[in-house]
Number of protein chains: 2
Amino acid sequence: MSTQTVALDIMGGDIGPSETVPAAVQALSLLSQLKLILVGDQHQTSSLLQQHGLLNHPRVRFVHASQVVGMGDKPIVALRTLKDSSMRVVLNLVKAGEADACVSAGNTGALMAMAKCVLKSLPGVDRPALIKALPTLSGKRTVMLDLGANVSCDADTLLQFAVMGSVVAEKVEGIAFPRVALLNIGEEEIKGNDLVRHSAELLRQCHALNYVGFVEGDRIFSGDSDVIVCDGFVGNVALKTAEGVVRMMAQLAGYPRKKRTFLGRIAGFMFKRRFSYLNPDQYNGASLLGLRGIVVKSHGRAERRALCNAILLAAQEAKHQLPLQIADRLEAVFSDRDL
Amino acid sequence: MSTQTVALDIMGGDIGPSETVPAAVQALSLLSQLKLILVGDQHQTSSLLQQHGLLNHPRVRFVHASQVVGMGDKPIVALRTLKDSSMRVVLNLVKAGEADACVSAGNTGALMAMAKCVLKSLPGVDRPALIKALPTLSGKRTVMLDLGANVSCDADTLLQFAVMGSVVAEKVEGIAFPRVALLNIGEEEIKGNDLVRHSAELLRQCHALNYVGFVEGDRIFSGDSDVIVCDGFVGNVALKTAEGVVRMMAQLAGYPRKKRTFLGRIAGFMFKRRFSYLNPDQYNGASLLGLRGIVVKSHGRAERRALCNAILLAAQEAKHQLPLQIADRLEAVFSDRDL
């Protein structure tokens, strides 16, 4: 049985070790082939690790890092000055081959800047992209990218995103010949801006892709497509808007504005029961795709259960050797295009 | 007491006269100062109008139009060939001063093309924009524009949107000195693409605006801002994504996938009771802003209650003489900027 070693930044996120350490315990108990390298400040965390039985755990190693990236630190400053931060050290462990993947709930901008600098892009990848699997009405999940790594993209970049997203849908989500759609403001060919129309041409011409056309915002969660491609600005706005609506409805259901009535309590219970799988806190973990290594970003506000999901995602991507698969596919597709 | 005359395209929308005519009846009963000019095919609709008591109604006039714009018609074709369509005739009535505003649930692209051609833009407006009032957690509504009239915009256009949106928030929503935010992928000044950063500078320098900074997708419905400005591509994706999430949750609540259990029925009831004000079918009516006349677009799938809301919105905008207010404000702001 193969094992997967995941390096976990235990200092990252809004909450820090009090959530990341229990998440580690949970992930270890759920996945017997998982090994963890916990990276953080030894002085601050040793009693917590002791308390959770992780100091002498057979599948756990601890690596000390003297610095922490703050949630408000500028990426460029973090990149230059925080070379012994827990975030930087987990990336170094992946680069050195000591870990198969890494997970951090810290500052997104800093993580992206450090990851690109430490791990470098795969051949054929102009820009790494943030990808996430979203729940849909069909019960299956749809992967969507880019969710904010790039504020502006050209059509060639969106084509690369489509290819990378297809590999994730196949390998991680187990979908054969995944349907790829471009996010647009209408379904007809004439709709949209120059970028989506030009991208549509490229995707249609690419025989390695199962391109199915445009998809509008209201069909993201329908399950009609397996991979949704867009630039990072639009993708980030769409994802956050969806998360905002779900959180607003959860709040309305659980906490009526006027008073917590009997019906309000029932609504809160029903909401939790029926919609928990839509809650952004539950399907945690966005991957930075297109690098020579696996980097999973957990939500900064994630609690232990959500963090545990991010660790399991990293292990799954490691099991499928995702960067290798993406590199192979990109090579195959682009040599195909040159013919 | 002033009266408002609204021209209603009774042929428009996915459903047509069987919903638009009852909507007209409802609006007339709710608003005593409302007069309606119903525009459509006389042969097709006379028995329906008779049945609803609208043929000899003291506040209703009927105007025959021999053509109908189809939902699939290309805007440019509709503009050139459907000059006696119900959609075109309601716009002509506004231009001629016979109606104070018009409402159509027909083909959005055709309505925008015809409206720009027939009514023309106000001085100082480069591009008309689609605006809508959205429900928020605070109980008040936030207006958002552009929702899809323009797939790409420059910073000057977004500044005009901010000014026009402020007038709507003040006059229609009754908010003094409304807080204006730019939709972005982060709240810090360095976040986003060139368009939003440049627009932020212009909005900050404009003393006539109460500019409060960037807002992310997850805060659209928080009530933190009264006017949210973005380009039409991003706005359309955000709005449709939000609508898609609400519809998905309504469907999940009301119609459990496996079987309609007792708890499923309670959930459906609770959903309707608590979230009806978020349902996009309820807060219907987007206005095409920046023209020399009032044009309200109803959702194509809108039923009578939703259509009635669009008619009432048109009457309200007419009461406040919105185009005049916007023209005055634009003149004041831009002469201020020239000083």
Side-chain angles (χ1 to χ4, degrees), chain A residues 72 74-75 108-109 135-137 139 147-148 151-152 183-186 188 190-196 216-222 230-249 251-253 256-257 263-264 266-271 273-275 278 280, chain B residues 72 74-75 108-109 135-137 139 147-148 151-152 183-186 188 190-196 216-222 230-249 251-253 256-257 263-264 266-271 273-275 278 280:
Chain A
K74 289 197 174 166
T108 310
T136 73
L137 268 176
L147 297 174
V151 291
S152 60
L183 187 58
N184 198 358
I185 63 169
E188 305 84 4
I190 54 156
K191 286 291 178 75
N193 54 23
D194 290 343
L195 173 65
V196 288
E216 293 185 69
D218 56 355
R219 307 292 292 168
I220 291 175
F221 300 92
S222 66
C230 54
D231 75 56
F233 192 95
V234 171
N236 188 281
V237 168
L239 179 70
K240 285 191 182 149
T241 301
E243 291 180 351
V245 172
V246 173
R247 285 217 186 85
M248 173 176 66
M249 294 177 86
Q251 199 172 331
L252 282 175
R257 271 166 299 161
L263 279 175
I266 294 184
F269 170 73
M270 287 311 305
F271 195 94
R273 188 175 177 276
R274 194 164 291 282
F275 300 126
L278 299 180
Chain B
K74 288 196 175 168
T108 310
T136 72
L137 268 177
L147 297 174
V151 292
S152 61
L183 187 58
N184 198 358
I185 64 168
E188 305 83 4
I190 54 156
K191 285 290 179 77
N193 54 24
D194 290 343
L195 174 66
V196 287
E216 294 185 69
D218 56 355
R219 307 292 291 167
I220 292 175
F221 299 92
S222 65
C230 55
D231 75 57
F233 192 96
V234 171
N236 187 282
V237 167
L239 180 70
K240 285 191 181 149
T241 300
E243 291 180 351
V245 172
V246 173
R247 284 216 185 85
M248 173 175 66
M249 294 176 87
Q251 199 172 331
L252 282 175
R257 272 166 299 162
L263 279 177
I266 294 185
F269 170 74
M270 287 311 304
F271 195 93
R273 187 175 178 277
R274 194 165 291 282
F275 299 128
L278 299 179

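Quick caveat: nothing in here was measured; it's all calculated off a predicted structure.
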Rounded to the nearest 0.5 Å, what's the gap from [atom1] on [X] to [atom2] on [Y]? Could you check?
{"X": "B:Leu147", "Y": "A:Ile185", "atom1": "CG", "atom2": "CD1", "value": "10.5 Å"}
{"X": "A:Ser152", "Y": "B:Leu195", "atom1": "OG", "atom2": "CG", "value": "11.0 Å"}
{"X": "A:Thr241", "Y": "B:Leu183", "atom1": "OG1", "atom2": "CG", "value": "6.5 Å"}

**Item:** Top of A:Asp194, A:Asp218, A:Val234 for chain B proximity - count of heavy-atom pairs under 4.5 angstrom
**Value:** A:Asp218
**Request:** Would you indicate whether the side-chain heavy atoms of B:Val237 and A:Val237 approach each other to under 4.5 Å?
**Result:** no
**Prompt:** Does a side-chain heavy-atom distance below 4.5 Å link B:Val196 with A:Phe233?
**Reply:** yes
**Request:** Determine the minimum heavy-atom distance between A:Val245 and B:Ala242, stating which atoms define it.
**Result:** CG2-CB, 3.7 Å
**Request:** Under 4.5 Å heavy-atom distance to chain A, tell me which part of B:Ile220 shows up: side chain, backbone, both or neither.
**Result:** side chain
**Prompt:** Side chain, backbone, both or neither: which part of A:Asn184 has a heavy atom under 4.5 Å from chain B?
**Reply:** both
